[in-house]
Amino acid sequence: MEEFDHEVDAPRGATSREWEVFVREDTADPLTHVGSVSAPSTDIAREQASSLFARTAVTLWLCPADETQRYQTDDATLGTGNTGDDATMSVDEMESETLRGENR
Amino acid sequence: MISVSKLLCDLDAEGDGLRYDAADESTKRQIRDEKQRRPVVVWNVTKQCNLYCDHCYAAADTEIADGELSTAEGKALLDDLADYGAPVVLFSGGEPLVRQDLEELVAYANEVGVRPVLSTNGTLITEERAQSLKDAGLKYAGVSVDGLPERNDDFRGVDGAFEGAVQGIENCLDAGLKTGLRYTITERNAADLEGVVDLLTDVGVDRFCFYHLDYGGRGTEIVDADLTPEDRRQAVKRVCDMTREYHDRGEEIETLLVGNYADAAYLVEYAREHMSEAQAQRVYEYLRVNGGDPTGERVADVDYQGNVHLTQFWQGYSLGNVRDRSFGAIWEDESNPLLSALRNREEHLTGKCADCRYAEVCRGASRLRALTVEDDLFAPDPQCYLEETEIHGSPPFDTGENSVASGSSAD
């Protein structure tokens, strides 16, 4: 039996905090993960998730993505290696490479 | 995407197989899958950008953001997309050229059989990088320019951005890389449309994509600058007129409209008014095969952190993350009631969309704009510019065995 050796801990949320969304469409149903919304607060996350799922859901759970511990087997892991900082230009390098960057 | 040049001027293009299932009619080598059952995937490889554009859907910034997929993770994602059958990956950003491993990723996409194309602001495309991207197997570079110099630079937040973009375009063309324009039309730059096309045609560009503003990222902050319905209709007419004028004088430019499938209905009406009933029917049949707004079906987005979105513009909601689950598993999971409802949206559209006679070729256009403005996922798109008389009534043409898509009446 494989163990959950890999922790998925890269940050999520491009513009603000990310909230994992879970819904139940009937009280007899299991809770289902239906993605995540970006929102700066619980209230706004609730509004955003409601606008997407209130049509059909009877239960809504929101969980801050950065409070979620994620573990998976190696087989379920996307590639290996560090996140991409080393693959990306530094800000100084980017500005010096920009054509006509002297006009900034 | 709606190809005006294909529909009004019968221009062959490599994308026709994807868009209209019309590969058999084309003499061009076709980009095609099984009539695009799999989405074109936009991959925002970074959030970092050297410009700061007012309408950036990805809300890109000059600072490096945490959590970018690494080179190894990116390659695993490309393997995943290849296994799933995605026909095209569009490297976007942020500005994708800030990633030093872009050429390595482009080459890998090419190697695993996913056609690599690029969306860029052009200002980092030196002669060397144009050549290295070409050598890596890049098939197309779309360069964003949003007006003549003054207006473009105002939009993009950097003086000299226009000149930098044109230099980047020239470097691409010199390297033998097919290159086109991306232009987002708003009230602020609509007047420059023909001028930019004329100028870039002289440079050697022959492909022009005109985007309607979608209300995602910083686009939500400039909704007031969006076109009125009347001005939008006029701008789309100008694209149609300009395309035909170019073709009439033997300059076969390719022009496309992106992001508002009310354009599909308008093109049928335009063909009927300015060309012929037969041409209008032909346009309608192609657009019927094309299938209307592609959100959640024929286009997908993976952001720099691996979050999967319904389109590149709709980054406030994620279906899942490729670090948790394969792209194909996320995209196929219709236990997600939102994904399922969007794919069956005809059952849910309300207001004038519910009984619009062009519903089959439009499908309600942008659900993101409806959600942003009306707070209702299935309300009419606020950018719809069709007139009441165009909306009501039975479908404009019978469809069926005699369609041009089945190859029997492609006159």
Side-chain angles (χ1 to χ4, degrees), chain A residues 6 8-16 18-21 23 25 29 32-39 44-45 47-57 65 68 70 72 76-91 93-104, chain B residues 45-48 50-51 58-59 62-77 80 95 98-101 123-126 158-161 163-164 167-168 217 303-307 315-326 335-338 341 348 371 375-377:
Chain A
H6 187 81
V8 183
D9 57 0
R12 298 183 186 190
T15 52
S16 60
E18 197 75 4
W19 304 76
E20 301 292 348
V21 182
V23 298
E25 297 200 279
D29 289 345
T32 305
H33 181 239
V34 289
S36 59
V37 293
S38 297
I44 296 174
E47 280 178 25
Q48 297 201 355
S50 297
S51 70
L52 300 174
F53 295 103
R55 292 174 49 257
T56 54
T68 306
R70 299 179 178 83
Q72 58 196 28
T77 300
L78 181 78
T80 54
N82 298 322
T83 49
D85 292 355
D86 57 339
T88 308
M89 289 181 185
S90 68
V91 173
E93 197 176 4
M94 178 179 76
E95 292 186 353
S96 70
E97 286 288 316
T98 300
L99 293 169
R100 295 184 58 80
E102 69 275 13
N103 289 328
R104 286 179 64 88
Chain B
V45 292
T46 182
K47 193 183 178 211
Q48 189 186 6
N50 57 327
L51 305 182
T62 51
E63 298 300 315
I64 298 168
D66 292 334
E68 279 181 6
L69 296 179
S70 68
T71 310
E73 288 175 313
K75 287 183 176 179
L77 170 62
D80 186 9
E95 171 47 53
V98 305
R99 277 194 70 144
Q100 312 266 31
D101 60 352
T123 62
L124 293 172
I125 306 181
T126 58
V158 175
D159 288 341
E163 197 170 329
Q167 183 63 59
D303 72 24
Y304 69 100
Q305 293 176 326
N307 298 304
Q315 300 215 357
Y317 169 68
S318 165
L319 293 163
N321 188 293
V322 297
R323 282 180 166 130
D324 301 334
R325 204 176 179 202
S326 74
S335 71
N336 182 320
L338 175 60
H348 306 292
L371 187 65
D375 196 28
D376 179 348
L377 197 55

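Chain letters run A, B, ... following the sequence lines, proteins first, then strands; residues in each count from 1. All heavy atoms count here, side chains included; hydrogens, waters and symmetry mates do not.
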For the residue pair A:Glu18 and B:Ser318, establish whether any side-chain heavy-atom pair is separated by less than 4.5 Å.
yes
Sequence neighbours excluded, the answer for side chain to side chain donor-acceptor pair (under 3.5 Å) partners of A:His6 is none
Region of A:Ser36 that comes under 4.5 Å of a non-hydrogen atom in chain B:
both
Determine the minimum heavy-atom distance between B:Asn321 and A:Arg12, stating which atoms define it.
CB-NH1, 3.5 Å
Whatever's closer than 4.5 Å to a heavy atom in chain B on A:Val34 counts as both
Nearest heavy-atom pair of B:Gly316 and A:Gln48: which atoms, and what distance?
O-OE1, 4.1 Å
Looking at A:Gln72 and B:Arg323, would you say the former's side chain and the latter's main chain have a donor-acceptor pair under 3.5 Å?
yes
What part of B:Leu371 lies closer than 4.5 angstrom to a heavy atom of chain A: side chain, backbone, both or neither?
side chain
In the structure I gave you, are the side-chain heavy atoms of B:Leu377 and A:Ser51 within less than 4.5 Å of one another anywhere?
no
Indicate yes or no: at least one non-hydrogen side-chain atom of A:Leu78 is less than 4.5 angstrom from one of B:Asp324.
no
Checking the side chain of B:Gln305 only, and the main-chain atoms of A:Ala10 only, is there a donor and an acceptor separated by less than 3.5 Å?
no
A:Glu25, part contacting chain B, at a heavy-atom distance under 4.5 Å:
side chain
Do you know which of A:Val37, A:Thr32, A:Thr56, A:Val23 has the most heavy-atom pairs under 4.5 Å to chain B?
A:Val37
Supply the atom-to-atom distance B:Asn336 CG to A:His33 NE2, rounded to the nearest 0.5 angstrom.
9.5 Å
